[in-house]
There are 2 protein chains.
Amino acid sequence: MNAFTVAKQTSMDAIDGLDTLDDWEDAVIDLFLHAANSFGLPKSYGQIYGLLFCRDHPLAMDEVLELLQISKGSASQGLRALRQLGAVSSVFAPGDRKERFVAESRLRKLVGGFLREQADPHLEKGLARLKQIESLVNYIQDVDARKRGARRHEILSGWHRQMSRLLPWVKMIVGKSDRLPQKSSD
Amino acid sequence: MNAFTVAKQTSMDAIDGLDTLDDWEDAVIDLFLHAANSFGLPKSYGQIYGLLFCRDHPLAMDEVLELLQISKGSASQGLRALRQLGAVSSVFAPGDRKERFVAESRLRKLVGGFLREQADPHLEKGLARLKQIESLVNYIQDVDARKRGARRHEILSGWHRQMSRLLPWVKMIVGKSDRLPQKSSD
DNA sequence: CAGTTTGTTCAAAAAAACTTGAACAAAATA
DNA sequence: TATTTTGTTCAAGTTTTTTTGAACAAACTG
């Protein structure tokens, strides 16, 4: 990258305001920071997603960490996790070695990714725990005590079944009319 | 409480095994510990709920903290929070000053309480943030930049609407056939 | 009313989660 | 191949959350 290119880009950014955060962008990033927290994700993930969500064009990792004032490590880990969740995807600009990132803005996809990466694994682990509980209950000698244990195992199995049923419905219901109808996208 | 009463209770507990935790109870408590964590609640809440869930009879706070080996403070705060969530309710045994607690085991109620105490407040806060974003977007001078902000606000508003729609469905779907049909309870 | 039981509060300690940045690796370039 | 660019890893540091327990308050009891 030569001096001319640097100068050109800097001035363009300054004109477009893309090398600083607008107040509304700060507010959006803050919204996602809190949203991430309430979904059990690190706040930096929310910040990164929020920034990309605001922008029309892909950002590279160094732009993200510069704009958000976070460390390289956070940016790297955050972007990887968000991609894993399907919340961001990377694009490679032709003739540029940098990987650039864009936010997925279809709620359906976001919810789907979250359920796949977070909810489904918990349900699987839960099933394993249920099996272990079942076998422990079978060792109980006292009849009444074993009945009590068995009853609890039944209840938990019922809950597990219901949660398993619920998730597909969530995927269905969310994303029925995603992104508002005006100006059809996708 | 006189010596006889103490001796009597101790022996009864020993016989029934109610003053120690069975292996299966440990496993159930551990299950709820992890579940609480994944719902963003302190693990002690999960432990307390799990213990009460295992037992047929109400437990007093001192029994809970003894069985789980947790502090008075944790037990007190945990029980209060769980009651607030509708996950436990307290009963007063006649002729006893102690408040005793039982777990709510209807998934519908648990989910309802969680949504009411956790999800609904988040949605409300989200709405407030959206309004603030909207007003910030209106201050943007540059037309294209304002369009970009307005578009983002629309998308977020759509998400908010969809999440608001989703929650009632969740309440409906969960608890359709709660607690397994056999041996009708409640 | 003095003593006991029951339960709450909250400052400090402990534990858990998150972030940082320097060292490292991989890939492109000269 | 030496150098630069880009990105990852992870031990150590920081922040946040949770737990503890001693002090306190309220309600009962003798």
Side-chain angles (χ1 to χ4, degrees), chain A residues 1-3 5-6 9 29 32-52 58-85 88-101 118, chain B residues 1-3 5-6 9 29 32-49 51 58-85 88-101 118:
Chain A
M1 184 182 273
N2 59 37
T5 311
V6 170
Q9 282 223 338
I29 289 165
F32 280 110
L33 184 158
H34 286 272
N37 243 341
S38 65
F39 283 115
L41 301 172
K43 66 179 191 179
S44 65
Y45 293 15
Q47 293 178 286
I48 295 169
Y49 179 85
L51 169 59
L52 297 177
L59 293 182
M61 196 178 87
D62 57 350
E63 297 173 299
V64 169
L65 68 88
E66 172 67 22
L67 284 164
L68 295 176
Q69 302 277 52
I70 62 179
S71 69
K72 232 177 160 189
S74 280
S76 176
Q77 290 177 190
L79 286 166
R80 176 154 45 115
L82 289 169
R83 188 168 39 192
Q84 173 72 10
L85 277 169
V88 312
S89 50
S90 60
V91 298
F92 285 93
D96 191 345
R97 276 157 61 195
K98 281 183 189 167
E99 188 175 10
R100 293 169 176 279
F101 300 89
Q118 311 282 315
Chain B
M1 185 181 272
N2 58 37
T5 311
V6 170
Q9 282 224 338
I29 289 164
F32 279 109
L33 185 158
H34 286 272
N37 243 344
S38 65
F39 283 115
L41 301 173
K43 66 179 191 178
S44 66
Y45 293 15
Q47 292 178 286
I48 295 168
Y49 179 84
L51 170 59
L59 293 182
M61 198 179 87
D62 58 348
E63 298 174 298
V64 169
L65 67 89
E66 172 68 22
L67 284 164
L68 295 177
Q69 303 276 53
I70 62 178
S71 70
K72 235 177 158 187
S74 280
S76 176
Q77 292 176 191
L79 285 167
R80 177 154 43 115
L82 289 169
R83 188 167 40 192
Q84 172 73 11
L85 277 169
V88 311
S89 51
S90 61
V91 299
F92 285 92
D96 192 346
R97 276 159 58 198
K98 281 182 189 167
E99 189 175 10
R100 292 169 178 279
F101 301 88
Q118 311 281 316

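As a basis for the values below, the full set of heavy atoms in this structure was taken, side chains included, without hydrogen atoms, waters or symmetry mates. Sequence lines set the chain letters: A, B, ... in the order given, protein chains first and strands last, and positions in each chain run from 1.
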Quickly work out the B:Leu68 CG to D:dT18 C1' distance and round it to whole Å.
15 Å
Are A:Arg83 and A:Glu99 ion-paired here, with the side-chain N under 4.0 Å from a carboxylate O?
yes
If I take atom CD1 in residue B:Ile70 and atom P in nucleotide D:dT20, what distance separates them, rounded to the nearest angstrom?
7 Å
Once you round it to whole Å, what is the distance between P of D:dA27 and CG of B:Asp96?
17 Å
Tell me whether the side-chain N/O atoms of A:Ser71 come closer than 4.0 Å to OP1 or OP2 in C:dT19.
no
Does a sphere of radius 6.0 Å around CD in B:Gln118 hold more than 12 heavy atoms from other residues, nucleotides or ligands, not counting ones at 6.0 Å or beyond?
yes
In whole Å, I'd like the distance from the CD atom of B:Glu63 to the C1' atom of C:dT5.
14 Å
Rounding to a whole Å, what distance do you find between B:Glu99:CD and C:dT6:P?
12 Å
Check ion pair B:Asp62-B:Lys72 (N to O, under 4.0 angstrom):
no
For B:Glu63 and B:Ala60, indicate whether the former's side chain and the latter's backbone hold a donor-acceptor pair under 3.5 Å.
yes
Of B:Ser44 and A:Gln77, whose closest DNA chain D nucleotide lies nearer the 5' terminus?
A:Gln77
N/O donor-acceptor pair, side chain A:Lys72 with base D:dG7, under 3.5 angstrom:
yes
Over how many whole Å does the gap from B:Leu79 atom CG to C:dT6 atom P extend?
15 Å
Considering heavy-atom distances to DNA chain D, does A:Ala75 or B:Lys43 have its closest nucleotide positioned more toward the 5' end?
A:Ala75
Of B:Met61 and B:Asn37, the one whose closest DNA chain C nucleotide lies more 5':
B:Met61
Per the atom types in the model, does the base of C:dT6 pair as donor or acceptor with the side chain of B:Arg97 at under 3.5 Å?
no
Does a side-chain N or O of A:Ser76 approach OP1 or OP2 of D:dT8 to a distance below 4.0 Å, or not?
yes
